[in-house]
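Positions are given from 1 along the sequence. We use all heavy atoms of the structure for the numbers below, so side chains are in, but hydrogens, waters and symmetry mates are not.
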Amino acid sequence: MDHKKVHIKDLAMIGDRRTCALLDKQGSIVWYCPKRFDHSSFFASLLDNERGGIWRLDLMNLEFEKRLYIEDSSLLQTHFTGEKGNLVLEDWMPLDGSFYGICRTLSDAPEPYSVFINHSPDYGRHSPVLKLIDDGHVTLEHDYHLYASHPLVIEKHGVLCQVPAQEKAWFILAEKAVDEPEKQLAQTRELTLENWRKVSGHITYKGPYEDEVRKSLRLLRMLTYSQNGGIIAAATTSLPEVLGGARNYDYRYVWLRDAAMIVSALARAGSDGEEERMFLSFICSAMHRIPAPVVPMFTLDEQPAGSEQELDFEGYRNSKPVRYGNGANNQLQLDANSNVIIAAKVIYNRYDTREHWDTVEMLADFLVENWQKPDHGIWEETELHQYTSSKVVASVSLKYIAEHSQDEIQKKRWQEASEQIRRYVETNCMTPDGAYAVYAGSNAVDVSAALFPIWGFTEADTPEVLKTIEKLETDYCHNNLYRRHLVEYDSQKEGAFLAGTFWMAQYWVMRHNKEKFKTIMQAALQFINDVGIMPEEGDPVSGEWLGNVPQAFVHASLIGAVIDYKKEFKEEHE
C-alpha cells in the first residue's frame with residue numbers, strides 16, 4: 001500500500017479516553033500522540049508520509065474486507081482476505097488497565113508478512129532513540145516499551161518484525177515496562193471490554209438512525225478525557241478545510257462553543273447524566289483559572305490553549321501550514337459563554353440541580369455587561385463585528401438561566417438584558433430583504449440562523465426565518481448540503497459544513513416536513529464512514545472529506561437532529 005494515498009474517509013480510531021490512535025484500512029497506525037490527545041506525536045504519517053512516523057503492516061497479498069468495533073467498545077477488528085486465506089487484526093488501547101498504550105493481535109497468517117515500526121517523536125523534531133533489550137523487547141525514547149511475539153530487529157529507520165505464515169502474532173507498545181506481556185495482553189483485552197461496557201452503559205439509545213447515533217455516541221466517548229470529563233473538538237490537527245490551503249487548525253482542545261450541543265445531545269439521547277455533568281464540571285473548573293470569562297477554548301489540563309506553532313511537515317495532501325496550538329484563544333466569542341449557560345440550563349432542567357451556579361452567574365453577568373461589544377463570532381473570524389448568532393444565543397441563554405435564579409433582582413436584570421439584545425437584533429441585524437444577517441449591516445446570511453428557532457429565539461415559520469431559509473437554499477445549498485458564510489474567506493471554496501447541514505435537517509423537523517429532513521440527512525450521511533467517523537466538512541461535488549476528525553460538533557448535531565425527529569414523528573426504528 002502507498003501510504004501517501006491515505007484519505008481522511010478511510011480512518012478508524014481506537015482510544016483509552018486519554019488519547020487515541022488513527023488507523024487506515026490496511027491496519028497501519030498513521031496518527032498517535034502518547035499519554036494525551038494534545039501531546040506531541042509518535043506516529044504522524046497522516047501529516048507527513050516521510051517524516052511523520054508510522055506503524056505499518058505490509059500485508060502483500062491481502063485486501064481489506066471489513067472492520068467493526070466489538071460491542072460498544074473501541075476495540076477494533078479489521079478483516080483481510082486473500083487467495084490463501086483470511087487474517088483478522090485486533091487493535092485496542094487498554095482502558096483503566098495495568099498499563100497504557102496500544103495492543104495489537106493478528107490471527108493465523110495465510111502467508112508471511114512484515115510489521116514496521118518507525119516512530120518519530122515530538123512531531124518528527126527529534127531523532128528516535130531505540131534500544132534492543134532482547135529478541136521481543138525494544139525500548140523507544142527510554143520510557144516506552146515495544147513487545148512482540150516474534151523477534152524484533154532494529155534497522156536504520158525503525159524496528160522490523162517478520163511474521164511467518166500460519167502463525168499468530170501480537171504486539172504491545174506500552175508507556176512503561178510490562179511484566180509477562182503476553183499474559184497481560186489477554187487480561188487487558190477482557191478488562192478493556194468490561195470497562196467499555198461500564199462507560200457505554202451511561203446511555204442507551206433506541207430509535208431511528210440507531211446505528212448512526214450509537215456510532216456517534218461511541219466517538220464522543222472516545223473524545224472524552226476521562227480524568228476530568230473534558231471533550232475535545234476533534235482528535236487531529238491541521239487536516240485542511242481547503243485542500244492545499246492554509247485553513248488548517250489544531251482542534252485537540254475543549255471548545256466552550258461545543259458545550260451546549262454536546263450536553264444536549266448526551267442528555268436527550270437517554271443519558272443517566274454522568275458524562276454531561278462531568279463535562280460541565282470541567283468547563284466550570286477551568287473558568288475559575290482565568291481572570292475573565294472570555295477564553296473560547298481550554299487545554300485538557302484546564303489552561304488556555306497555547307499560541308500557534310508551525311511544524312515542518314508536508315501536510316495532509318500538501319496542505320500547509322501544519323500547526324499545534326490555536327491562535328483563536330484570545331478572541332472574544334460571546335457564544336462561548338452563552339453555550340455554557342445553555343448547557344447548564346439543560347442539566348438543571350433534566351436533573352433538577354443548580355450545580356456550578358457561581359460560575360453560571362459569572363458568565364451571565366459577563367454577558368449582561370459585554371453583549372453590546374463586537375466579537376469574533378461563531379466561526380472565529382479575525383474581523384470584529386456585531387455577529388447576529390452571538391447576540392441571539394446571548395439573548396436566549398440569559399432568558400433561560402433567569403428561570404433558575406432565586407434572586408428576583410438578578411432574574412430581572414438578566415431578563416431585561418435578554419430583551420434588550422432581542423430588540424437590538426430585530427432593529428440592527430436584518431438584511432434589506434428581511435432575513436437574519438450574518439452581522440449588523442451585512443446583506444448575507446449564515447447557516448447558524450437555522451439554530452435560532454431551535455434555540456427558541458423565534459418560531460420556525462416567521463417571515464424573517466422563512467426569508468433566511470430561502471436565501472440559504474438559494475445561495476448556500478448544493479446537493480442538499482449547506483455551506484456556512486465566512487467574512488474573510490470565500491466559503492464557496494471550502495466544503496459544506498456538516499454540523500450546519502444537520503441544523504437545517506433539525507429545522508425542517510420543526511416545520512413538520514419529514515421528507516425534507518430525510519433528504520438532508522441522506523446527503524449529510526454520505527460523509528459517515530463504516531466505523532461512524534464524520535469530518536467537519538464535505539465537498540458536495542467531489543465527495544472529498546475536509547477538516548479534522550472525528551468532529552464532536554458534527555456528531556452532536558447529528559444526534560440532536562435525530563432526537564428531534566424521533567420526538568416529532570414518534571418513530572422508534574427505521
Side-chain angles (χ1 to χ4, degrees), residues 233-234 237-242 245-251 253-262 294-297 305 308 323 326-340 342 371 373-394 425 429 431 435-452 454-455 468 471-472 475-477 481-504 534-540 546-548 551-554 556-557:
T237 179
S238 301
L239 295 182
E241 295 172 7
V242 179
R247 297 184 61 83
N248 319 316
Y249 305 109
D250 192 348
Y251 274 18
Y253 301 103
V254 182
W255 256 261
L256 275 62
R257 176 199 63 195
D258 298 1
M261 199 72 69
I262 292 174
V294 296
V295 177
M297 72 193 79
E308 287 182 352
R323 301 179 168 107
N326 198 294
N329 197 57
N330 295 321
Q331 292 184 352
L332 173 63
Q333 296 176 22
L334 293 172
D335 69 309
N337 297 52
S338 304
N339 272 292
V340 176
I342 292 176
W371 72 262
K373 293 180 179 178
D375 75 333
H376 294 271
I378 190 172
W379 307 133
E380 300 175 345
E381 308 270 13
T382 56
E383 284 187 21
L384 287 163
H385 286 288
Q386 301 285 4
Y387 288 100
T388 306
S389 62
S390 297
K391 307 303 183 193
V392 168
V393 71
V425 170
C429 297
T431 64
Y436 286 107
V438 174
Y439 57 83
S442 172
N443 293 329
V445 300
D446 181 60
V447 72
S448 59
L451 291 168
F452 297 176
I454 294 168
W455 284 332
T468 306
K471 289 169 74 75
L472 287 169
D475 300 334
Y476 296 88
C477 181
L481 296 161
Y482 296 82
R483 300 182 189 272
R484 56 185 174 173
H485 181 89
L486 297 174
V487 174
E488 300 164 312
Y489 187 82
D490 180 5
S491 60
Q492 296 292 323
K493 295 179 180 179
E494 67 171 8
F497 194 72
L498 295 178
T501 299
F502 287 125
W503 302 339
M504 289 296 291
M534 295 192 77
E536 184 177 18
E537 300 180 12
D539 190 302
L546 300 163
N548 288 301
Q551 187 74 214
F553 203 38
V554 173
S557 299

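Rounded to the nearest 0.5 Å, atoms CG (D375) and CG (L332) are 5.0 Å apart. Between atom OG1 of residue T501 and atom CE of residue M534 there is a gap of 8.5 Å, rounded to the nearest 0.5 Å. Rounding to the nearest 0.5 Å places NZ of K391 at 5.5 Å from CG of L334. Once rounded to the nearest 0.5 Å, the distance linking OG of S238 with OH of Y249 reads 10.0 Å. With rounding to the nearest 0.5 angstrom, the OH atom of Y482 is 14.5 Å from the OG atom of S491. The structure places CD of Q551 at 6.5 Å from CZ of F497, a figure rounded to the nearest 0.5 Å.
Between G495 and L546, the shortest heavy-atom distance links the atoms N-CD1, 3.7 Å. The two residues K471 and V445 have their closest heavy-atom pair at CE-CG1, 3.6 Å. Nearest heavy atom pair, residue S338 against residue A394, reads OG-CA, 3.2 Å. Heavy-atom minimum distance, L472 versus M504: CD1-SD, 4.0 Å. Summarising the geometry of I262 relative to A552, their closest heavy-atom pair is CD1-CB, 4.1 Å, with the distance given to 0.1 Å. Listed here is the closest heavy atom pair of L498 and V554: CB-CG1, 4.0 Å.
In this structure, a donor-acceptor pair under 3.5 Å is present between the side chains of E536 and Y251. Looking only at atom types and distance, the side chain of W255 has no donor-acceptor partner in the side chain of Q333 under 3.5 Å away.
For W455, there are no side-chain hydrogen bond (donor to acceptor under 3.5 Å, both in side chains) partners at least two apart in sequence or on another chain. For S557, the side-chain hydrogen bond (donor to acceptor under 3.5 Å, both in side chains) criterion is met by W503, not counting sequence neighbours. Judged as a side-chain hydrogen bond (donor to acceptor under 3.5 Å, both in side chains), and not counting sequence neighbours, the contacts of R247 are E241.
Taking the side chain as every heavy atom from C-beta outward, T388 and V425 approach each other to under 4.5 Å. Two residues are said to be in side-chain contact when any heavy atoms from C-beta on lie closer than 4.5 Å; P240 and N248 meet this criterion.
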Kindly determine whether W379 and V487 satisfy side chain to side chain contact (heavy atoms under 4.5 Å, CB included), including the steps that lead there.
CA-CA 9 Å; W379 307 133; V487 174; over 6 Å; no
Please report the C-alpha distance between Y387 and E381 in whole Å, then the side-chain angles of each, then the deciding distance to 0.1 Å, and finally whether the side chain to side chain contact (heavy atoms under 4.5 Å, CB included) criterion is met.
CA-CA 10 Å; Y387 288 100; E381 308 270 13; 3.4 Å; yes
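Not one N or O on the side chain of N330 forms a donor-acceptor pair closer than 3.5 Å with the backbone of G327. Formation of a donor-acceptor pair under 3.5 Å by the D446 side chain with backbone atoms of H485 is found in this model. E488 places a side-chain N or O within 3.5 Å of a backbone atom of E383 that can act as its donor or acceptor partner. Without hydrogens or angle criteria, D335 side chain to S390 main chain gives no donor-acceptor distance under 3.5 Å. Under a 3.5 Å cut-off, the side chain of N326 and the backbone N or O of D250 do form a donor-acceptor pair. Remark: side-chain polar atoms of S442 are not paired, donor with acceptor, to backbone N or O of A437 under 3.5 angstrom.
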